[in-house]
Amino acid sequence: MKQLICITCPAGCKLLAELTPDGGVNVTGNTCKRGVDFALTELTNPMRTLCSTVRTSFAACPMLPVRTDREIPKGKMGEVMRLLMGIVIDKKIACGDAVADLGGICEGKIIATSDWLMSGV
């Protein structure tokens, strides 16, 4: 049994979960069906949204906050972080603009989460 805290709603149920031989999941502690779905995903293919920063060439704003545009496999986080370490933004971009494509690692893009570069940098 694995202990989990469900993050799909504000209740934050404390779950005990284990995979069944048929590929299902046994869950206790959940107060709604979302807890069962969360536990199954968490035990078989945990996903996360990655939030970080990338460097820029602008002295007034040396770092720009970014995130993935969707959840990515938790096991790919290190690869994505290594990709982000090599990025330097050298043009003005707006919040929501794509910074990088994750095609070689997983599906999705890295997007800007701030308009700082658009405000007089």
Side-chain angles (χ1 to χ4, degrees):
M1 291 290 244
K2 183 161 183 174
Q3 293 181 341
L4 303 167
I5 296 177
C6 184
I7 58 172
T8 58
C9 75
C13 295
K14 294 178 183 175
L15 310 176
L16 285 175
E18 68 179 344
L19 290 174
T20 61
D22 65 355
V25 65
N26 285 331
V27 179
T28 59
N30 58 304
T31 56
C32 69
K33 183 185 178 318
R34 290 183 287 182
V36 174
D37 297 337
F38 171 78
L40 182 59
T41 299
E42 196 64 15
L43 292 176
T44 58
N45 185 26
M47 303 288 280
R48 299 289 186 272
T49 299
L50 174 66
C51 300
S52 188
T53 56
V54 293
R55 292 177 291 169
T56 79
S57 60
F58 301 98
C61 180
M63 302 296 284
L64 180 71
V66 297
R67 70 171 175 84
T68 53
D69 67 343
R70 65 190 70 191
E71 290 186 330
I72 62 171
K74 187 177 176 183
K76 299 289 186 176
M77 300 279 262
E79 286 180 72
V80 174
M81 288 301 294
R82 283 187 288 283
L83 171 75
L84 295 180
M85 287 177 15
I87 294 174
V88 178
I89 304 297
D90 60 358
K91 62 181 179 181
K92 293 187 177 190
I93 60 174
C95 185
D97 286 353
V99 171
D101 185 7
L102 299 177
I105 300 170
C106 57
E107 289 186 26
K109 297 180 215 164
I110 298 294
I111 59 171
T113 60
S114 171
D115 281 327
W116 290 345
L117 294 182
M118 299 301 288
S119 59
V121 173

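- With contacts defined as side-chain heavy-atom distances shorter than 4.5 Å, the pair Ile87/Leu84 qualifies.
- Proximity of a side-chain donor or acceptor of Asp69 to a complementary backbone N or O of Lys109 within less than 3.5 Å is detected.
- A donor-acceptor distance shorter than 3.5 angstrom exists from the side chain of Arg55 to the backbone of Met85, with no hydrogens or angles considered.
- The main-chain N or O of Leu50 is found under 3.5 Å from a side-chain atom of Thr68 such that the two form a donor-acceptor pair.
- More than 12 heavy atoms of other residues, nucleotides or ligands sit less than 6.0 Å from atom CD of Glu18.
- Ionic pairing of Arg70 and Glu107 is present here: one or more N-O contacts between side-chain nitrogen and carboxylate oxygen are shorter than 4.0 angstrom.
- Judged by distance alone, the side chain of Thr56 and the main-chain N or O of Cys61 form a donor-acceptor pair under 3.5 Å.
- Lys74 NZ to Glu42 CD: the interatomic distance, rounded to the nearest 0.5 Å, is 6.0 Å.
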Passes side chain to side chain contact (heavy atoms under 4.5 Å, CB included), Ile111 versus Asp97? Steps please.
CA-CA 5 Å; Ile111 59 171; Asp97 286 353; over 6 Å; no
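- Leu102 CG to Ile110 CD1: the interatomic distance, rounded to the nearest 0.5 Å, is 4.5 Å.
- Looking at Thr53, its side chain never comes within 3.5 Å of a backbone N or O of Pro65 through a donor-acceptor pair.
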Quick one, Leu19 with Leu40, criterion side chain to side chain contact (heavy atoms under 4.5 Å, CB included). Give me CA distance, side-chain angles, the key distance, then yes/no.
CA-CA 8 Å; Leu19 290 174; Leu40 182 59; 4.0 Å; yes
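- Rounded to the nearest 0.5 angstrom, Phe38 CZ and Cys32 SG are separated by 11.5 Å.
- Using a 4.5 Å cut-off between side-chain heavy atoms of Ile, Leu, Val, Met, Phe, Trp and Tyr, with links allowed through other members, Met47 and Ile105 fall into different hydrophobic clusters.
- Closest of all the heavy-atom pairs between Ala112 and Val66 is CA-CG1, 4.2 Å.
- Smallest separation of non-hydrogen atoms from Val27 and Ala17: CG2-CB, 4.1 Å.
- In this structure, the side chains of Val54 and Ile89 come closer than 4.5 Å at one or more pairs of heavy atoms.
- Note that CE of Met77 is 9.5 Å distant from OG of Ser52, once rounded to the nearest 0.5 Å.
- The two residues Arg34 and Cys6 have their closest heavy-atom pair at O-SG, 4.4 Å.
- For the atom pair Glu79 CD and Met81 CE, the distance stands at 13.0 Å (nearest 0.5 Å).
- In terms of modelled atom types and a separation under 3.5 Å, the side chain of Thr20 and the main chain of Gly24 share a donor-acceptor contact.
- Contact of the Ser114 side chain with the Cys95 side chain is not registered, since no non-hydrogen atoms from C-beta on lie closer than 4.5 Å.
- The shortest distance between side-chain heavy atoms of Leu64 and Ile93 falls below 4.5 Å.
- Minimum interatomic distance between Ala59 and Pro62 (heavy atoms only, all atoms of both residues): O-CD, 3.6 Å.
- Leu16 CG to Gln3 CD: the interatomic distance, rounded to the nearest 0.5 Å, is 5.5 Å.
- Paired with Leu15 under the rule side chain to side chain contact (heavy atoms under 4.5 Å, CB included), one option of Ile5, Asn30, Thr31 passes, and it is Asn30.
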Leu43 and Lys2: side chain to side chain contact (heavy atoms under 4.5 Å, CB included), yes or no, with the steps?
CA-CA 8 Å; Leu43 292 176; Lys2 183 161 183 174; 3.7 Å; yes
